[in-house]
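A short worksheet on the structure shown next.
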Amino acid sequence: MAAQQELAGKSCEPCRGGIPPMDRAMAESYLVQVPGWTIKPDPDRLERDYRFSDFREAQHFAMRVGDLCEAEGHHAEILYGWGHCTVTFWTHKIKGLHPNDFIMAAKVEGLMDEPYAPVSDSMGDVSPTARRV
Ligand SMILES: C[C@H](O)[C@H](O)[C@H]1CNC2=NC(N)=NC(=O)C2=N1
């Protein structure tokens with residue numbers, strides 16, 4: 001938990017490539033700092049599936065994750081549906097894992113401590129021209 005908070009306090013550094021992705025041993029040493037996350041292969045990526053009590057809670061979480069990613073300039077793949085949200089990070093330029101991915105995972109963990117607030121009210125303010133058709 002303390003290790004996770006330390007990781008969450010860091011910021012993502014731009015990764016322009018030209019370096020190898022983390023090897024498994026290094027990745028495992030970071031993984032212990034973000035309990036609940038797992039490493040999936042090809043390319044190596046960091047993933048966690050979160051459970052919620054309904055669709056809107058999962059949607060709310062997915063949107064908060066999206067906002068966090070945009071703020072940090074490091075973006076998750078997000079898949080959500082009724083009662084679940086899967087969040088995946090890897091670093092595209094190096095086709096694998098970078099410390100940025102673990103920093104983001106630790107920050108996403110912090111979102112789980114925030115209270116649920118529905119998003120439908122704020123979405124009502126979206127101008128018609130901004131809507132997708
Ligand atoms: C140019 C820009 O910084 C890059 O394309 C960023 C954007 N967001 C990203 N997000 C993730 N998850 N991995 C990346 O390699 C990545 N690269």
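First listed ligand is number 1; within each ligand, the first listed atom is number 1.
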In the protein, which heavy atom is nearest to [atom], and how far is it?
atom	value
atom 4 (C) of ligand 1	K93 NZ, 4.4 Å
atom 16 (C) of ligand 1	H92 ND1, 3.7 Å
atom 13 (N) of ligand 1	W90 O, 2.9 Å

Close aromatic pair by centroid cut-off 6.0 Å: H84 and W82: no
Taking the ring of F61 and the ring of F52, is the distance between their centroids below 6.0 Å?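 Ring centroids of F52 and F61 are less than 6.0 Å from each other.
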Measuring from D54:CG to H60:NE2, what's the distance to the nearest 0.5 Å?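 The NE2 atom of H60 is 11.5 Å from CG of D54, to the nearest 0.5 Å.
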Do any nitrogen or oxygen atoms of H75 come within less than 3.5 Å of a nitrogen or oxygen of ligand 1?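 There is such a contact, yes.
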Regarding Y50 and E57, is there a side-chain donor-to-acceptor distance under 3.5 Å anywhere? no
Same cluster (ILVMFWY, side-chain, under 4.5 Å), M22 and I19: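 Shared cluster, no.
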Heavy-atom contacts with T91 under 4.0 Å: which atoms of ligand 1 show up? List them by number with element.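 Near T91, meaning under 4.0 Å from one of its heavy atoms, ligand 1 has 13 (N), 15 (O).
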Do the ring planes of F102 and Y30 sit parallel (below 30°), tilted (30 to 60°) or perpendicular (above 60°)?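 Geometry flag for Y30 against F102: tilted rings.
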Which of the listed options, G73, P14, G17, C12, holds the heavy atom that is closest to atom 6 (C) of ligand 1?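 Looking at heavy atoms only, G73 sits closest to atom 6 (C) of ligand 1.
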Quiz question for you: does at least one protein heavy atom lie closer than 4.0 Å to atom 2 (C) of ligand 1?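 Answer no: nothing from the protein, no heavy atom, is under 4.0 Å.
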